[in-house]
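These notes are about the structure you will find just below.
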Amino acid sequence: MIEQAQQWIRSAPRVTVLTGAGISTDSGIPDFRGPNGLWTKNPAAEKASTLQHYLVDPEVRRFAWHNRLTSPTWDAVPNAGHLALVQLERRGQLVALITQNIDELHQRAGHDPARVIEVHGTMRWSRCWECADRRPMQGTLERVRAGDPDPHCEVCGGVLKSDTISFGQSLVPEVIAAAMSAAGDCDLLLAAGSSLSVYPAANVVPRAKAAGARVVIVNGEATNMDRFADVVLRGPLSELLPELCG
Ligand code: NAD
């Protein structure tokens with residue numbers, strides 16, 4: 001199965017990739033729903049990622065800011081899985097890399113940022129919920145470090161959050177349209193490190209399949225979209241992706 005997938009990936013002129021939190025676990029950033037996921041271990045953590053709770057409850061925001069401050073993302077570096085995907089771009093095969101991740105490790109691995117479609121935003125910036133003022137996250141975290149457990153917007157006093165799409169928040173229409181277009185315009189879709197259970201991002205898989213693309217899914221456990229795959233591979237991404245894309 002690996003050899004078949006390898007051969008399909010090497011010979012596909014146009015490849016679109018969809019990644020999820022599982023590609024960054026080997027960089028030390030936990031996922032949500034995997035065996036060691038943040039929500040698997042602490043179901044209460046889900047509240048901090050849910051817009052309705054975040055906006056109204058200062059306690060939830062204080063918890064979220066504390067988590068941001070101590071996030072392993074700040075020290076994380078791309079792993080062999082991220083680096084393997086860059087080979088697709090270097091060989092001129094990559095249509096787009098659609099990611100649900102918010103850690104920017106794909107750009108740090110060497111992708112052209114213009115090829116990376118971040119459907120759930122980025123945690124490296126903060127944004128005001130009221131006036132949309134956007135600033136580098138590290139500056140906002142300095143205020144938390146200095147003793148403000150729930151910093152508000154310096155322009156309008158509104159609630160600040162990371163520039164990510166929380167659960168319950170609408171996606172940016174142009175961004176999800178670009179993702180669906182890349183899914184409909186490839187010969188092969190490679191989905192890696194996602195439970196494929198968050199919508200509409202997961203719909204990239206049936207979209208690619210309906211447009212005639214081959215679908216290869218690589219993940220540590222079963223996904224919600226395995227039925228659409230031509231090949232499903234199970235195993236650690238930092239080993240499988242170099243084999244598939246190297
Ligand atoms: P998810 O937590 O629902 O699923 C991750 C999947 O990856 C799981 O099925 C798990 O078994 C698998 N996995 C974990 N480590 C693996 C490894 N080393 N090799 C192979 N498989 C592995 O993640 P999701 O589908 O991306 O959805 C969760 C949402 O939360 C997304 O929006 C995601 O961006 C966000 N999130 C992002 C980060 C990040 O940016 N790194 C981290 C946590 C959550």
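Counting starts at 1 for both ligands and their atoms, in listed order.
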Got the closest protein heavy atom to [atom], with its distance?
{"atom": "atom 4 (O) of ligand 1", "value": "S195 N, 3.3 Å"}
{"atom": "atom 6 (C) of ligand 1", "value": "N219 OD1, 3.6 Å"}
{"atom": "atom 27 (O) of ligand 1", "value": "R33 NH1, 3.4 Å"}
{"atom": "atom 18 (N) of ligand 1", "value": "T25 OG1, 3.1 Å"}
{"atom": "atom 35 (C) of ligand 1", "value": "F32 CE1, 3.8 Å"}
{"atom": "atom 20 (C) of ligand 1", "value": "G235 O, 3.2 Å"}
{"atom": "atom 10 (C) of ligand 1", "value": "D31 OD2, 3.4 Å"}
{"atom": "atom 41 (N) of ligand 1", "value": "D103 OD2, 2.8 Å"}

Is the closest heavy atom of [X] to ligand 1 under 4.0 Å?
{"X": "P30", "answer": "yes"}
{"X": "G193", "answer": "yes"}
{"X": "A201", "answer": "no"}

For ligand 1, which atoms, with element, lie under 4.0 Å from some heavy atom of [X]?
{"X": "P236", "value": "19 (N)"}
{"X": "S24", "value": "41 (N)"}
{"X": "G20", "value": "26 (O)"}
{"X": "D26", "value": "18 (N)"}
{"X": "E221", "value": "8 (C), 9 (O), 10 (C), 11 (O)"}

Inset, instruction - Output yes when a side-chain donor or acceptor of R91 lies under 3.5 Å from a complementary backbone atom of R10, and no otherwise. - result: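 Flag not set: sc R91 to bb R10 has no pair under 3.5 Å.
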Inset, instruction - Verify, without hydrogens or angle tests, whether R135 (side chain) and W125 (backbone) share a donor-acceptor contact under 3.5 angstrom. - result: no
Location of contacts on [X] toward ligand 1, heavy atoms closer than 4.0 Å:
{"X": "I29", "value": "side chain"}
{"X": "I102", "value": "both"}
{"X": "A21", "value": "both"}
{"X": "Q100", "value": "both"}
{"X": "V198", "value": "side chain"}
{"X": "N101", "value": "both"}

Honestly curious: do [X] and [Y] fall in one hydrophobic cluster under the side-chain, below-4.5 Å linking rule?
{"X": "L18", "Y": "L244", "result": "no"}
{"X": "L196", "Y": "L237", "result": "no"}
{"X": "L83", "Y": "L88", "result": "no"}

Are [X] and [Y] close enough that some pair of their side-chain heavy atoms sits under 4.5 Å apart?
{"X": "I217", "Y": "F228", "result": "no"}
{"X": "V144", "Y": "P151", "result": "yes"}
{"X": "E118", "Y": "Q107", "result": "yes"}
{"X": "Y199", "Y": "N224", "result": "yes"}
{"X": "L85", "Y": "L190", "result": "yes"}

Legend entry - Cation-pi geometry met for R62 and W65 (6.0 Å, 45°):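 Ring-cation test returns no.
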Legend entry - Distance-only polar pair, side chains of D103 and S24, donor-acceptor under 3.5 Å: yes
Inset, instruction - Ignoring hydrogens and angles, state whether a donor on the side chain of D163 or T122 is under 3.5 Å from an acceptor on the partner side chain. - result: no
[X] N/O under 3.5 Å from ligand 1 N/O:
{"X": "G220", "answer": "yes"}
{"X": "L237", "answer": "yes"}
{"X": "S197", "answer": "no"}

Legend entry - D150 bridged to R61 by N-O distance under 4.0 Å: yes
Inset, instruction - Look at the aromatic rings of H111 and H106 and report parallel, tilted or perpendicular, splitting at 30° and 60°. - result: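 Perpendicular: the ring planes of H111 and H106 meet at over 60°.
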